[in-house]
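Okay, structure first, notes after.
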Amino acid sequence: MNSDAVKKGIDRAPHRSLLRALGLTDREMEKPLVGVVNSFNELVPGHMHLRQLTDAVKAGVRENGGTPLEFPTIGVCDGIAMGHEGMHFSLASRELIADSIEIMARAHCLDALVFIPSYDKIVPGMLMAAMRLNLPSIIVSGGPMLPGRFQGEEVNLITVFEAVGKVHAGQEDEEWLKSYEQKACPTCGSCAGMFTANSMNCLTEVLGMALPGNGTIPAVYSERIVLAKESGYQVMNLWRHNIRPRDIVTKASIANGIAADMAIGCSTNTILHLPAIAYEGEIDFDLAEVNAVSDKTPQICKLSPAVNGHYLVDLNEAGGISAVLKTLLDADLIDGSVMTVSGTTLAERLAKAEVKDAAVIRPLANPYSPKGGLSILFGDLAPEGAVIKVGALAEQDVVFEGKAKVYDGEDAAADAIRNGKIKAGDVLIIRYEGPRGGPGMREMLGPTATLAGMGLDSTVALLTDGRFSGGSRGLSIGHISPEAALGGEIAFVENGDTIKIDLNKRTIDWLLPEEEKEARRQKFDPTKGLQKAYQVAGRTGYLGRYAQFVQSANKGAAFRSTKGD
């Protein structure tokens, strides 16, 4: 597929007449047509400046011999969608983003693509589209927000969620909270810590699909505009040399992504998005391999929410993702032979990278932890896996055993937390929040942040087949697979059952006699999994269709392919 299909030959005179109606000259039509996918909208603070970045991208494309043609895609603000019906649509939007880009690129026979995302699901959705289309492509994101300041301390969106917990606990009042919220998000950009959006923007750089600095240059820095111009310029070089996403994102570069993920303590949502990206590129992804990488990759960087005082802006000043990768490369923990959108191998791109602040990027001899920031847990409660951000825990060798308090859905559980029904030592289980049962696998930032604000994040275990915000911390275990709606074991747990979590062994077990488990399995209603989807969206709504086609969390919550796998 290329643009000659819509602009060459006498049979394409009608097509050229429409291109002229856009104001294109003969010279512009003769050049490669480059789609510039702008996710700008006026609802997402991480996207409010993307028009300026898009103009910079288009300038770079024109400078290097291309004709840029901008088109939009949707984008959900997870923070605004959090804690209500809107969160059903966040993860589900990822598939629509990929599909809509595929439609536009193929319908108009574009030659190359520049993707301009910022927030949580837009980044992976665009990466999925890039892998599916396999046109010369590059990504340049909107960049991270700067932290705010309140009463002499740095604050951000996640600390506002935790501040709500302090009000519910009676430690602060609503007037204090209003003053707090006014200071937490002072600039445009994706929220200031290593939450999901910034995690994915950093990993886009690691995977080789973005130029250095994409993950860390703050949104408000002019350096971000320069990066956008350079990205537009570079996509034309990729086109000329026929370097495509599947040449760049390979099994080796996915492994590099996991290693960097471990080293910087990314959001647990990366363990949804990396498999989905791999799936689009027909790359095998084994969830168990994450632990193998974690075992040999120390965590050398901790940003908010794992530690107070360090944000993406600090990582940028310390040398950025390039400095982290150079540290890993020198220790032979990543593969430097993989290709990047720079047109060089990763090792060549990192030749001059260096750590400029060892307090932010620690040496391998003095890591925060000898193992990586994420762990995959298995056991009879999660035979296909579950994930926890161990890098956000004060103690990683935790053995936690407690009695279950079970809730079908986030809303009932959130009410229980606010009303003081969850106590230290409890195992709070929130189920029917998976990709199908949710539907849409809602984030549980409200419950985790409220627990943290109440001081219960280290004494209450929260288990869910849903997922967590990148800002969540504490003993929070998500993505339990199979999910309740598919008849996973989490569907059969009852109040008072004993659950045991061993982070050192990476196990999560349901301590109940097998005969009792089997008796409960026999009562399972297989239709229950779609009932909630239809209640939320109706049988003709998107969520109803989504629930029918989405796969389990251990497969990245990607849609089943038409091949039937």
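The CG atom of L428 lies 11.0 Å from the CG atom of L475; values are rounded to the nearest 0.5 Å. Taking CG from L451 and CE from M444, the interatomic distance works out to 12.0 Å, rounded to the nearest 0.5 Å. Put simply, CD1 on I477 and CZ on F400 are 9.5 Å apart, with the number rounded to the nearest 0.5 Å.
Using a distance-only test at 3.5 Å, with no hydrogens or angles considered, a donor-acceptor pair links the side chain of D465 to the main chain of A484. Checking side-chain atoms of E433 against main-chain N and O of E410 turns up a donor-acceptor pair under 3.5 Å. Judged by distance alone, with hydrogens and angles left aside, the side-chain atoms of N156 form a donor-acceptor pair with the main-chain N or O of I158 at under 3.5 Å. Side-chain atoms of D335 do not come within 3.5 Å of backbone N or O of A252 as any donor-acceptor pair.
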### Steps toward salt bridge (charged side-chain N to carboxylate O under 4.0 Å, His left out) verdict (D411, R442)
CA-CA 11 Å; D411 298 338; R442 290 194 290 178; 3.7 Å; yes
### Task
Give the C-alpha distance, both sets of side-chain angles, the deciding distance and a yes or no for side chain to side chain contact (heavy atoms under 4.5 Å, CB included) between F492 and F524.
CA-CA 8 Å; F492 314 123; F524 179 67; 3.6 Å; yes
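With no hydrogens or angles considered, a side-chain donor-acceptor pair links T159 and Y180 at under 3.5 Å. A side-chain donor from one of T498 and K403 sits under 3.5 Å from a side-chain acceptor of the other. Looking only at atom types and distance, the side chain of S267 has a donor-acceptor partner in the side chain of T196 under 3.5 Å away. Judged purely by distance below 3.5 Å, without hydrogens or angles, the side chains of T507 and D502 never pair a donor atom with an acceptor atom.
Looking at K517 and D497, no side-chain N of the basic residue comes within less than 4.0 Å of a carboxylate O on the acidic one, giving no salt bridge. For the pair R521 and E518, the salt-bridge criterion is met [side-chain N within less than 4.0 Å of a carboxylate O]. Using a cut-off of 4.0 Å between Lys/Arg side-chain N and Asp/Glu carboxylate O, R431 and D408 are scored as salt-bridged. Under a 4.0 Å N-O distance rule, the pair R362/D357 does not qualify as a salt bridge. Here K555 does not pair with E384 in a salt bridge; the nearest charged N to carboxylate O distance is not below 4.0 Å. Of the charged side-chain nitrogens involved, none lies within less than 4.0 Å of a carboxylate oxygen, so that K166 and E172 do not count as a salt-bridged pair.
Of all the heavy atoms in V324 and L315, the pair that sits closest is CG2-CD1, 4.1 Å. The two atoms that bring H88 and P439 nearest to each other are ND1-O, 2.9 Å, heavy atoms only. Closest approach of C202 to G215, counting heavy atoms only: SG-O, 3.7 Å. Closest of all the heavy-atom pairs between I499 and A404 is CG1-CB, 4.3 Å.
In this view, K405 and Y407, I422, K423, D426, N495 satisfy the side-chain contact (heavy atoms from CB on, under 4.5 Å) rule, not counting sequence neighbours. With sequence neighbours excluded, no residue satisfies salt bridge (Lys or Arg N to Asp or Glu O under 4.0 Å) with E174.
K121 is listed as a side-chain neighbour of H273, based on a closest heavy-atom distance under 4.5 Å.
Around NZ of K500, the count of heavy atoms belonging to other residues, nucleotides or ligands within 6.0 Å does not exceed 12. Crowding of E153 atom CD: a count of heavy atoms from other residues, nucleotides or ligands under 6.0 Å not exceeding 12.
Relative ring orientation between F559 and F549 is described as tilted, the plane-to-plane angle lying within the 30° to 60° band.
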